[in-house]
Amino acid sequence: MMKNGVKKIGVMTGGGDCPGLNAVIRAITRNAISKYGLQVIGYKFGYRGLYNNDFVELTYDKVSGIQHIGGTILYSSNKDNLFDYEIEEKGKKVRKNVSDIAVQNLKKEGVDVLVVIGGDGTLTSARDFARKGIKVIGVPKTIDNDLDITDVTFGFNSAIDVATDALDRLHTTARSHHRIMILEVMGRNAGWIALHSGFAGSADVILIPEIPYDIHKVSEKILERQKMGKLFSIIVVAEGAKSKGGDVVVNKIVKDSPDPVRLGGVGNKIATDLEKIVGNQEIRTTVLGHIQRGGSPITYDRILATRYGVAAVELINDNRFGNMVTFQGGKMDYEHLENIIGRPKQVDPKGEVVEASRSIGIAFGD
Ligand code: F6P
């Protein structure tokens, strides 16, 4: 029993999937049931489940054997913003604020607290539900590691492990064929995945959104390596990287999504631009894409995700509604959603890892 009278909680996952989501769901459910005797339900497909009142009972059995499995047993959606939702009215598609329906559904099921596991877009809606008086707890989720006031999000380390492995593999072909190999990684408008995988994966050039590049500077590094007898080079580029004075490369626009821009294609652009300057070496581009988001969470992320889940239930017991669980200085903590939304965490171009990269000869194209 919780001393504040909370008896039933709802859990949902929103936005793109991320290794560790199931570990969070499992930890929330187990802590809520075993320590506090709560009833737990899980809404399917994120906010859409809340709108359709589509949920499953989360029992000990239901969350058994899922800690190590990627994806989310509750499914997810990165489109359904109930504050601006597409519905059909009189045969016409219209956009409406349908958040009241979600509120009614929560009341109908007797859900005292909603735990929202998601990234910036999903947590923005969580804040908006909190403003409507719903008791909400946020749990940050993103492989991009771009949420402020939290040092590391679960999934990030699994993603950089995949990207680092890809860089190791690209090295063998680069070396064998004397090629320039470009790896395009995810991260949206933050360069965390590119920076950390490039650092660990012995990249020669790392291009990130926070440090706009000049293609001539990139080629200088490659030519410098050629002079040293290094007849191959590895470039890791964040999907959100842009040239000085240039713009990001957009792959597609996903209507209905709170963040409709899907980045992609900068790796090929760099290959084309570089070929004109460094014509004596073949260039190939690999786009890692969703491979870096799928699969099992690594041990670090299973531990971190489980800690996030346990902490979320403790915040409920402590009446910390409207807050998001954070991880700061090695400890689980919390911060109000109002202070987090709209504050993306980007790489500091003067930060220690960037400086350390420069110290060991990695170029940033600036
Ligand atoms: O935020 C996670 C992320 O994987 C980003 O790195 C990427 O830009 C985006 O989601 C891709 O979204 P989608 O799965 O809709 O293609």
Side-chain angles (χ1 to χ4, degrees), residues 1-15 21 24-25 27-29 31-32 35-36 38-43 46-47 49-51 55 74 76 80-85 97-142 146-151 153-154 258-259 305 307-329 331-345:
M1 278 288 285
M2 279 191 177
K3 46 190 185 296
N4 55 13
V6 170
K7 289 191 177 66
K8 186 170 178 177
I9 64 171
V11 183
M12 54 153 279
T13 50
L21 281 171
V24 181
I25 295 166
I28 291 171
T29 306
N31 193 15
K35 192 164 167 192
Y36 296 108
L38 303 185
Q39 197 188 345
V40 188
I41 62 170
Y43 286 98
Y47 289 114
L50 219 59
Y51 176 71
F55 61 84
L74 293 177
S76 194
D80 304 296
N81 173 8
L82 299 186
F83 293 84
D84 181 28
Y85 194 62
N97 179 346
V98 295
S99 57
D100 281 345
I101 294 176
V103 173
Q104 280 160 24
N105 285 337
L106 286 166
K107 290 210 169 114
K108 192 164 85 191
E109 297 310 320
V111 173
D112 299 307
V113 183
L114 180 66
V115 182
V116 177
I117 312 166
D120 200 45
T122 309
L123 292 173
T124 301
S125 288
R127 177 206 59 191
D128 294 342
F129 276 111
R131 284 179 179 173
K132 283 174 86 80
I134 298 296
K135 288 179 177 151
V136 170
I137 297 292
V139 178
K141 164 250 47 151
T142 171
D146 62 348
L147 281 179
D148 201 17
I149 323 188
T150 194
D151 296 343
T153 45
F154 64 85
D259 188 359
R307 290 174 72 186
Y308 269 106
V310 169
V313 176
E314 297 307 328
L315 288 189
I316 297 174
N317 189 46
D318 293 341
N319 290 317
R320 304 274 181 210
F321 306 117
N323 280 280
M324 182 189 90
V325 187
T326 62
F327 179 64
Q328 295 177 77
K331 286 191 189 140
M332 303 317 296
D333 212 326
Y334 60 90
E335 181 63 53
H336 206 277
L337 284 165
E338 293 285 354
N339 301 333
I340 286 165
I341 305 307
R343 286 181 54 178
K345 182 182 68 181

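We're numbering straight along the sequence, starting at 1. Note that these values count all heavy atoms, side chains included, but never hydrogens, waters or copies made by symmetry.
In this structure, the side chains of T150 and E335 stay at 4.5 Å or more apart for every pair of heavy atoms. For the pair L147 and L123, the minimum side-chain heavy-atom distance is below 4.5 Å. The closest side-chain heavy-atom distance from F129 to L82 is below 4.5 Å. Using a 4.5 Å cut-off on side-chain heavy atoms (C-beta onward), V139 and F154 make contact. Looking at L74 and M12, their side chains never come closer than 4.5 Å, going by heavy atoms from C-beta outward.
By the neighbour-count criterion of 12 heavy atoms within 6.0 Å, atom NZ of K7 is sparsely surrounded, having that number or fewer from other residues, nucleotides or ligands. More than 12 heavy atoms of other residues, nucleotides or ligands sit less than 6.0 Å from atom CZ of F327.
Legend: residues meeting salt bridge (charged side-chain N to carboxylate O under 4.0 Å, His left out) with D151, ordered by chain and number and at least two apart, are absent.
At a cut-off of 3.5 Å, with distance as the only test, no side-chain donor of T13 or K141 sits close to an acceptor on the other residue.
Closest heavy-atom contact between N31 and V310: ND2-O, 3.2 Å. A pairwise comparison of heavy atoms in P140 and V325 identifies CD-O, 3.1 Å as the closest pair. In terms of heavy-atom proximity, A32 sits nearest to V40 at CB-CG2, 3.7 Å. Across every non-hydrogen atom of A311 and M332, the tightest pair is CB-CB, 4.1 Å.
Between the side chain of N105 and the main chain of L50, a donor-acceptor pair closer than 3.5 Å is present. Under the 3.5 Å distance criterion, the side-chain polar atoms of N4 are matched with a main-chain donor or acceptor of I316. Of the possible polar contacts, one joining the S76 side chain to the G15 backbone as a donor-acceptor pair under 3.5 Å is found. When atom types are taken as modelled, the side chain of D80 and the backbone of Y47 share no donor-acceptor pair closer than 3.5 angstrom.
From F321, atom CZ reaches atom NE2 of H336 across 11.0 Å, with rounding to the nearest 0.5 Å. How far NZ of K345 is from OG1 of T142: 9.5 Å, rounded to the nearest 0.5 Å. Taken from NZ in K3 to CG in D318, the straight-line distance is 6.0 Å, to the nearest 0.5 Å. The line from CE of M324 to CG of L337 is 7.0 Å long, rounded to the nearest 0.5 Å.
Contacts classified as salt bridge (Lys or Arg N to Asp or Glu O under 4.0 Å) and involving residues 106-130 (residues at least two apart or in different chains) are given here: D128-R131.
Using cut-offs of 30° and 60° for the angle between ring planes, the Y43 and F55 rings count as perpendicular.
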